[in-house]
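Model, not experiment: these values are computed from the prediction. The basis for the numbers below is simple: all heavy atoms, side chains too, and nothing from hydrogens, waters or symmetry mates.
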Amino acid sequence: MPPTSRLRSRRGLPAAPAAAALALALLSTAFSPVFSPAAEAAGLPAAAGCETTAADGFCDDFESQTGSQPSGRWTAGAPNCSGTGTASVDSSVAHSGGKSLRINGGGGYCNHIFVGTPLDEVDTSGTFWARLQVRHTTPLPAAHITFAAMHDAGENKDLRMGGQNSALQWNRESDDATLPEQSPNGVAMSRPLPVNTWTCVEFRIDGSAGHLETWVDGEAVPGLAVDGTPTHDIDGQWLRKPGWRPSLTDLRVGWESYGGETDTLWFDDIAVGSSRIGC
């Protein structure tokens, strides 16, 4: 299965301005973009780049890329329609080493672009972990956007990570469920994605149980977790679909907006494995 985007536009609209403003205010008081050493203090693994990896899976810092276009395990794609979105290997910005993957994301669905790789080296039917180092220039908008996606072979749809109402969210394409719910209280249980700095995003998915968890700079994000027990304002939509057990086959990073939003993003030190890799 080629590791290219299979994303579709979603119907989700931003919350009413007053509700969105309230959610953003709650986010601003709840979280700071400054890194917390909580993970290190707790004895969790730490990996600045690809020096520490899981026993299986992969870690790619893009240092082996020899041209301006992603190659090797990575394939760029913009299916259904293509426009202004571009992907390239950037030698001027990097989290570690001297290279990263740059995404120039255009506004609107057809200006999307993704760069993907199969997940052949890790068993996604059970528990697996992923880690992305990501940097971007524009705050997450009110409208829905996606910057990472994984194809669910069981549903022939995508599990998507991105943002809405200025905060990070998960979205399940098959039924358009969001995690957290997009109420002000739900959005406040997520957090923004800081701009103009590298941010470590980690997630753990248990395909056999249908659970997922998310960390940003080593700190768990309660609004980006589903454990099978209903939590008000977080996973009500998600749990309405019984027996969700994702069968994920690839990982794609890039940009897709469902309004007119644009962004420039960099990804580096992308790692996947059966155990936690750390930031």
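For the pair Leu265 and Asn104, the minimum side-chain heavy-atom distance is 4.5 Å or more. Residues Arg172 and Trp244 are in side-chain contact: their nearest non-hydrogen atoms beyond the backbone lie under 4.5 Å apart. Within the 4.5 Å cutoff, the side chain of Pro70 has heavy atoms near those of the Val115 side chain. Gln65 is listed as a side-chain neighbour of Trp74, based on a closest heavy-atom distance under 4.5 Å. Proximity of Trp198 to Val93: side-chain heavy atoms (C-beta onward) are separated by under 4.5 Å at one or more points. By the 4.5 Å heavy-atom criterion applied to side chains, Phe128 and Leu248 are counted as neighbours. Within the 4.5 Å cutoff, side-chain heavy atoms of Thr127 are placed close to those of Arg204. Side-chain contact between Phe58 and Arg73 is present, with at least one heavy-atom pair separated by less than 4.5 Å.
When atom types are taken as modelled, the side chain of Asp217 and the backbone of Cys200 share a donor-acceptor pair closer than 3.5 angstrom. Side-chain atoms of Ser257 do not come within 3.5 Å of backbone N or O of Gly260 as any donor-acceptor pair. Proximity of a side-chain donor or acceptor of Asp268 to a complementary backbone N or O of His95 within less than 3.5 Å is detected. The closest donor-acceptor contact from the side chain of His144 to the backbone of Gly259 lies at 3.5 Å or more, if one exists at all. At least one donor-acceptor pair under 3.5 Å links the side chain of Asp152 to the backbone N or O of Gly154. Of the possible donor and acceptor atoms, none in the side chain of Arg160 sits under 3.5 Å from a partner among the backbone N and O of Ala149. A side-chain donor-acceptor contact under 3.5 Å links Ser190 to the backbone of Leu168. For Thr262 (side chain) and Gly106 (main-chain N/O), no donor-acceptor pair under 3.5 Å exists by modelled atom type. A donor-acceptor distance shorter than 3.5 angstrom exists from the side chain of Asn111 to the backbone of Thr84, with no hydrogens or angles considered.
Between His112 and Phe114, the ring planes lie perpendicular to each other; the angle is over 60°, past the 30° to 60° tilted range.
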Subject >> Val201/Leu193 under side chain to side chain contact (heavy atoms under 4.5 Å, CB included): CA gap, chis, key distance, verdict >> reply: CA-CA 9 Å; Val201 177; Leu193 184 66; 4.3 Å; yes

Original post:
How far apart are the C-alpha atoms of Thr178 and Asn171, what are their side-chain angles, what is the distance that settles it, and do they pass the side chain to side chain donor-acceptor pair (under 3.5 Å) test?
Top reply: CA-CA 5 Å; Thr178 66; Asn171 172 262; over 6 Å; no

Subject >> Intermediate values then yes/no, side chain to side chain contact (heavy atoms under 4.5 Å, CB included), Ile103 and Thr264 >> reply: CA-CA 6 Å; Ile103 300 292; Thr264 302; over 6 Å; no

Original post:
Going through the checks in order, is the side chain to side chain donor-acceptor pair (under 3.5 Å) test met by Ser96 and Asp61?
Top reply: CA-CA 7 Å; Ser96 69; Asp61 55 13; 4.9 Å; no

**OP:** In sequence, state the C-alpha distance, the side-chain angles, and the governing distance for Leu212 and Asp206, and then conclude on side chain to side chain contact (heavy atoms under 4.5 Å, CB included).
**Re:** CA-CA 6 Å; Leu212 69 84; Asp206 184 345; over 6 Å; no

Original post:
Would Gln182 and Gln169 satisfy side chain to side chain donor-acceptor pair (under 3.5 Å), going step by step from the backbone distance to the final call?
Top reply: CA-CA 9 Å; Gln182 293 301 294; Gln169 76 163 15; 3.1 Å; yes

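No side-chain N or O of Asn185 forms a donor-acceptor pair with one of Ser183 less than 3.5 Å apart. Glu181 and His232 share no donor-acceptor pair across their side chains, judged by distance under 3.5 Å alone. The closest side-chain donor-acceptor pair between Thr214 and Trp170 falls under 3.5 angstrom. Counted by atom type alone, His151 and Asn156 present one or more donor-acceptor pairs between their side chains at under 3.5 Å.
Remark: Trp238 CH2 to His211 NE2 distance equals 13.0 Å, nearest 0.5 Å. The CG atom of Leu179 sits 11.0 Å away from the CE atom of Met189 when rounded to the nearest 0.5 Å. Taken to the nearest 0.5 Å, the CZ atom of Arg252 stands 12.0 Å off from the CD1 atom of Ile113. We find the CZ-CZ distance between Phe147 and Phe267 to be 6.5 Å, quoted to the nearest 0.5 Å. Rounded to the nearest 0.5 Å, atoms NZ (Lys157) and CD (Glu173) are 5.0 Å apart. Rounding to the nearest 0.5 Å gives a distance of 9.0 Å between CD1 of Ile205 and CG of Leu119.
Taking each heavy atom of Ala94 and Gly98 in turn, the nearest pair found is CB-C, 3.7 Å. Summarising the geometry of Asp263 relative to Thr138, their closest heavy-atom pair is OD1-N, 3.1 Å, with the distance given to 0.1 Å. The minimum heavy-atom distance between Gln69 and Ser88, with the atom names listed, is NE2-CB, 4.4 Å. Summarising the geometry of Val122 relative to Gly57, their closest heavy-atom pair is CB-CA, 4.4 Å, with the distance given to 0.1 Å. Of all non-hydrogen atoms in Ala167 and Val187, the two that sit nearest each other are CB-CG1, 3.8 Å. Gly218 and Cys279 get closest at one heavy-atom pair: N-SG, 3.9 Å.
Note on Ile270 and Val89: separate hydrophobic clusters, where clusters join Ile, Leu, Val, Met, Phe, Trp and Tyr whose side-chain heavy atoms are under 4.5 Å apart, directly or indirectly. By the rule that hydrophobic residues join a cluster once side-chain heavy atoms approach within less than 4.5 Å of another member, Trp266 and Ile145 end up as members of separate clusters.
Cation-pi geometry between Arg131 and Trp215 is not met: the NZ or CZ atom fails to fall both under 6.0 Å from the ring centre and inside 45° of the normal.
Applying the salt bridge (Lys or Arg N to Asp or Glu O under 4.0 Å) test to pairs two or more places apart or on separate chains, those with a residue in residues 102-120 are Asp90-Arg102.
Checked for salt-bridge contact, Lys241 and Glu155 meet the test: a charged N lies under 4.0 Å from a carboxylate O.
Remark: of the listed residues Glu213, Glu202, Arg191, Arg191 is the sole one forming a side chain to side chain contact (heavy atoms under 4.5 Å, CB included) with Val221.
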